Amino acid sequence: MTIAHTAHPLKVLQLTDPHLMASADGALLGVNTRDSLAAVIDEVLRNHGQPDLILATGDLTQDASSEAYRYFGEQLKAFNCPSLWIAGNHDDSDLLASIAAEFQAEQKQVVQGGWHFVMLDSSVHGKVFGELSPPELAFLDESLSQQPELPTMVCLHHHPVDIGSDWMEKIGLKNRDAFWQVIDRHPQVKVVLWGHIHQDLQQQRNGVQLLASPSTCIQFARGSSDFAVEPLAPGYRWFELEASGDYSTEVCRANEFKFDLDEKSTGY
Ligand SMILES: [Fe+2]
């Protein structure tokens, strides 16, 4: 799907891992995930204003309920722009896709503002780790082959590199070599963006910027060998993308959001 170019730079908001639940009381380690998402949305509007595109990079729900997906779609009505949704390990990929379609958020690739966005489903039903199926890898290769000239951002849920955290190493993208073999054939890829790790991360690989971002609810402790959380505020990532391929990005947090995180938890 192609959307008409907007004024430059293109403003792109990443929201990731909101872990919403059917119940309005739904909480993760003591943090009400509806309240934290609301605080992040307020922060976006106060700090940056309206984006031109929203990338929602998985774990949209904790309980894979239709109520939670529809709640997410309703909250995004605070923004006057399209969104693209992909699944994480806590999601039901098929249900997510069908409800995303109700909110015109099911497209797997979009050209906007001179950039090409490709959304991949790395979720594996019933598993915490991720994997890109052969059709998904073929879709990636074909999409990138169709737009060789456009600066490109590829989004998925699971981390495709080692992030220096033992417990997370077991739950990343399993077939990452196959993923990078495709990416390496397409030098127009500028950014690979993911969720899942609930933390801000920046790395470089062969000239590609690798980025991960805070969750809109709880944050995992960076560099921890075992599961651990840390009491950082929920947040989001913002991009300003030029059609030339130049861009800037930053992570912002809803620092005024008050929460009582259960830091002793051994899992989520
Ligand atoms: Fe998550």
Side-chain angles (χ1 to χ4, degrees), residues 1-3 6 9-20 37 40-41 43-45 48-61 69 72-73 75-88 91 93 96-97 99-101 103-123 130 136 139-140 143-144 147 150-160 173 183 189-202 208-217 234-242 247-252:
M1 178 183 164
T2 300
I3 295 175
T6 52
L10 188 78
K11 293 173 282 186
V12 176
L13 167 66
Q14 182 198 14
L15 294 174
T16 198
D17 295 81
H19 289 263
L20 295 164
L37 176 62
V40 169
I41 290 173
E43 185 67 20
V44 173
L45 292 172
H48 277 114
Q50 289 285 339
D52 300 310
L53 177 67
I54 299 166
L55 307 171
T57 46
D59 282 359
L60 307 188
T61 71
Y69 290 116
F72 183 65
Q75 299 317 297
L76 292 192
K77 289 181 178 174
F79 303 111
N80 310 316
C81 72
S83 61
L84 304 172
W85 301 3
I86 50 176
D91 290 306
S93 184
L96 182 150
I99 297 177
F103 292 90
Q104 292 80 49
E106 79 280 22
Q107 291 86 357
K108 295 202 66 180
Q109 58 173 325
V110 164
V111 173
Q112 191 173 347
W115 277 67
H116 184 203
F117 300 87
V118 181
M119 311 299 287
L120 299 175
D121 183 357
S122 60
S123 70
E136 205 68 6
F139 163 74
L140 173 64
S143 306
L144 296 175
Q147 301 285 3
L150 294 182
T152 300
M153 187 180 303
V154 174
C155 302
L156 72 168
H157 181 67
H158 292 82
H159 46 293
L173 186 72
I183 298 293
V189 176
K190 298 274 187 190
V191 177
V192 173
L193 176 71
W194 63 88
H196 193 44
I197 66 172
H198 292 223
Q199 62 197 269
D200 177 11
L201 178 129
Q202 298 195 35
V208 180
Q209 179 77 64
L210 314 183
L211 297 169
S213 309
S215 161
T216 69
C217 58
Y236 67 94
R237 180 176 290 280
W238 186 263
F239 292 93
E240 304 219 345
L241 306 174
E242 306 281 352
Y247 63 92
S248 61
T249 184
E250 64 180 315
V251 161
C252 301

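All of these numbers come straight from a predicted model, not from anything done at the bench.
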Rounded to the nearest 0.5 Å, how far does [atom2] of [Y] lie from [atom1] of [X]?
{"X": "L241", "Y": "K11", "atom1": "CG", "atom2": "NZ", "answer": "11.5 Å"}
{"X": "C252", "Y": "H48", "atom1": "SG", "atom2": "NE2", "answer": "4.5 Å"}
{"X": "D17", "Y": "C217", "atom1": "CG", "atom2": "SG", "answer": "7.0 Å"}
{"X": "L210", "Y": "H159", "atom1": "CG", "atom2": "NE2", "answer": "12.5 Å"}
{"X": "L55", "Y": "L13", "atom1": "CG", "atom2": "CG", "answer": "8.0 Å"}
{"X": "L60", "Y": "T16", "atom1": "CG", "atom2": "OG1", "answer": "7.5 Å"}

Q) What about the rings of W85 and Y69, do their centers lie closer together than 6.0 Å? A)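 When the ring centroids of W85 and Y69 are compared, they turn out to be at least 6.0 Å apart.
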
If I compare all heavy atoms of [X] with all of [Y], which pair ends up nearest, and what's the gap?
{"X": "G114", "Y": "P151", "result": "O-CD, 3.4 Å"}
{"X": "P160", "Y": "V192", "result": "CG-CG1, 4.3 Å"}
{"X": "H157", "Y": "S122", "result": "N-OG, 3.4 Å"}

Do any N or O atoms from the side chain of [X] and from the backbone of [Y] form a donor-acceptor pair under 3.5 angstrom?
{"X": "Q109", "Y": "L140", "result": "no"}
{"X": "D91", "Y": "T61", "result": "yes"}
{"X": "Q14", "Y": "W194", "result": "yes"}
{"X": "D121", "Y": "S123", "result": "yes"}
{"X": "Q112", "Y": "L10", "result": "no"}

Would a 4.5 Å heavy-atom cut-off, applied to side chains only, mark [X] and [Y] as touching?
{"X": "F79", "Y": "I41", "result": "yes"}
{"X": "F117", "Y": "V12", "result": "yes"}
{"X": "S143", "Y": "V154", "result": "no"}
{"X": "Q147", "Y": "T152", "result": "no"}
{"X": "L156", "Y": "H196", "result": "no"}
{"X": "Y247", "Y": "M153", "result": "no"}
{"X": "P9", "Y": "F239", "result": "no"}
{"X": "F103", "Y": "S83", "result": "no"}

Q) Does Q202 have any side-chain hydrogen bond (donor to acceptor under 3.5 Å, both in side chains) partners at least two apart in sequence or in another chain, and if so, which? A) none

(Q) Under 6.0 Å from the ring centre and within 45 degrees of the ring axis: does the NZ or CZ of K108 meet both conditions for the six-membered ring of F139? (A) yes

Q: Using the test side-chain contact (heavy atoms from CB on, under 4.5 Å), find all partners of Q199 that sit at least two apart in sequence or belong to another chain.
A: I163, M168, I197, F220, R222

Q | Identified side chain to side chain contact (heavy atoms under 4.5 Å, CB included) counterpart of R237 within the set T57, L15, D200 | A | D200

